[in-house]
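Down below is the structure, laid out as structure tokens.
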Amino acid sequence: MDPRRWPFTRQALAVQALLVVLVLAVSFAGSAYLLQRQIDVEVGQRALAVARVVAEDDAVRAGVAAASAAAPAPASTLADGPVQRAASDARARTGALFVVVTDDRGLRLAHPVPARLGERVSTDPGVALGGGEEVSTAVGTLGGSARAKVPVREPGGQRVVGEVSVGIASATVAQRVREALGPFALIALAALVAGLAGAALLSRRLRRLTLGLQPEEIAGLLQGHEAVLRGIAEGVVAVDPAGRVVLANDEAARLLGRPLVAGDAVEDLPARVRALVEHPDAVPSLAVLGERALLLSSRRVSRDDRLLGSVVTVQDRTDVELLTRQLDAVQAVGTVLRAQRHEFANRLHLVSGLLGSGHVEEAGDYVRTLLATGPLGTGVAGLDAVADPYLQAFVAAKASHARENGVQLRLGEVSVTGRIADPVDVTTVLGNLVDNAVTAVRGGEGAVVEVDLVQDGTALVVAVSDSGPGVAPHVRADLFEPGVTTRAAGDGGLGLALVRQVARARGGDAWLADGGDGEGLAGAVFVARLPGAVAGGAGAGEQPWT
């Protein structure tokens, strides 16, 4: 198989194994070379020591001196001479390859091969005959050896009369090298096995960390991941099992109102997001963060039964929620208008019948009675003080809805002379406050909800009070947070959170005021100030809404 087609982990394992083998081979070769050099030196010094001992032997010195002074003797005579005997004894004791002794002419007086006695040596004895010592490696008549040559001096003097050459066979040196390299070879083999095992473990860990994916697959996933994260309109936050942010796209940072970088702790995220990370829920839930209504959902992510973490998706539903509130308000107004149209038609029929039957005076009284009661079917005293028809119809719709729930909706202070410039925001705020108040008091005896509408320049101040039990102290601090409710049971809504969001988006605010007005309404009082919500009209001046 072509190694270029191997998976990356196999290629990495092969490269690591090759590097281990290469390093060990170079280390072993270098060590063998240095060991060879060291043993050569040691063997040379050993040969030198043996040669010195032989050269200092009195019998050898005397025999060499006598041979140097006489004519060359035959080999048979030298074989039984004292020099040959001393050299043979030294070679036997030390295990040397040879111990050769010559006179000052270079003629052998001692040699392991008796037939070569009396012949001239094969290597130059000049250094030793000149009074010096020499250690070298050479090949002679007996083969390769590490040899040492030292001078032999006459008895009682310093004159050189011959030389001693001692050689240790190269085979002996090689044997010592092999013996010395044996343990090192075992250590190198153990290191090779350990290195290969480590490379295999590293390759296995690499496969586990990359989930079995190859680099080109990881690169493709990264490109796709970047394209998806940057291209979708939703916010995405990925959190690992340890509670750290792994990744987050720009949309998530924008919607959550804070920068998100890899490594951020989940504790730094908004409370609702933390809850979803700790308890993932694939069913989307609505939450309000800052000035946005967000749809949040979370899922756990696993691969091969291994938990990889959680992914939280964030969708911006602010515009949808506002449009939904507006649609609810429009539907409520439409219902009231249809009811008023039907009631208006019935009253016209009555007037037409009275006129047709000649009861003109009765018809006039009936019309005057209708005029005195204000808009048809409203049942809200003082509603004609509201100049804006849209706001007037909306209040009438809410009054009708309150009556259906057994609650009386009444107007308190009304001083709105201009036209509503932003009906969506006004109806969202007013509708949520009224609906919450009606829900709080319905079913009770003498249930009343009162609405105050005060114009302050171009700002509209809305106050809604009720005759209910008020707000418990333990929820006051978080009353405008998403999911917080004053109901005894059921899920918390987003009404008050949306009210504050809309008010603050316009530069105003919404808050809970103290209850009780001295006229029986001792429940909760919610106030919202909406700057720029009224166009035209004199206004009522600055009001002390605190």
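FYI, the numbering just counts along the sequence from 1.
Interatomic distance, CD of E251 versus CG of D316, reported as 7.0 Å (0.5 Å rounding). Annotation: the span from D422 atom CG to R506 atom CZ amounts to 4.5 Å, rounded to 0.5 Å. With values rounded to the nearest 0.5 angstrom, D264 atom CG is found 8.0 Å from R244 atom CZ. Note that OG of S465 is 6.0 Å distant from CG of D452, once rounded to the nearest 0.5 Å. Taking CG of L294 as the reference point, atom OG1 of T313 lies at 11.0 Å (rounded to 0.5 Å). For the atom pair CG of L433 and CG of L496, the computed distance is 7.0 Å after rounding to the nearest 0.5 Å.
Between D509 and R529 no salt bridge is recorded (no basic side-chain N to carboxylate O distance below 4.0 Å).
For the pair V499 and T428, the minimum side-chain heavy-atom distance is 4.5 Å or more. Contact of the K398 side chain with the L409 side chain is registered, since non-hydrogen atoms from C-beta on lie closer than 4.5 Å. Counting heavy atoms from C-beta on, the side chains of L460 and V426 come closer than 4.5 Å.
The minimum heavy-atom distance linking Q455 with G457 is given by the pair NE2-O, 2.9 Å.
Checking side-chain atoms of S27 against main-chain N and O of V23 turns up a donor-acceptor pair under 3.5 Å.
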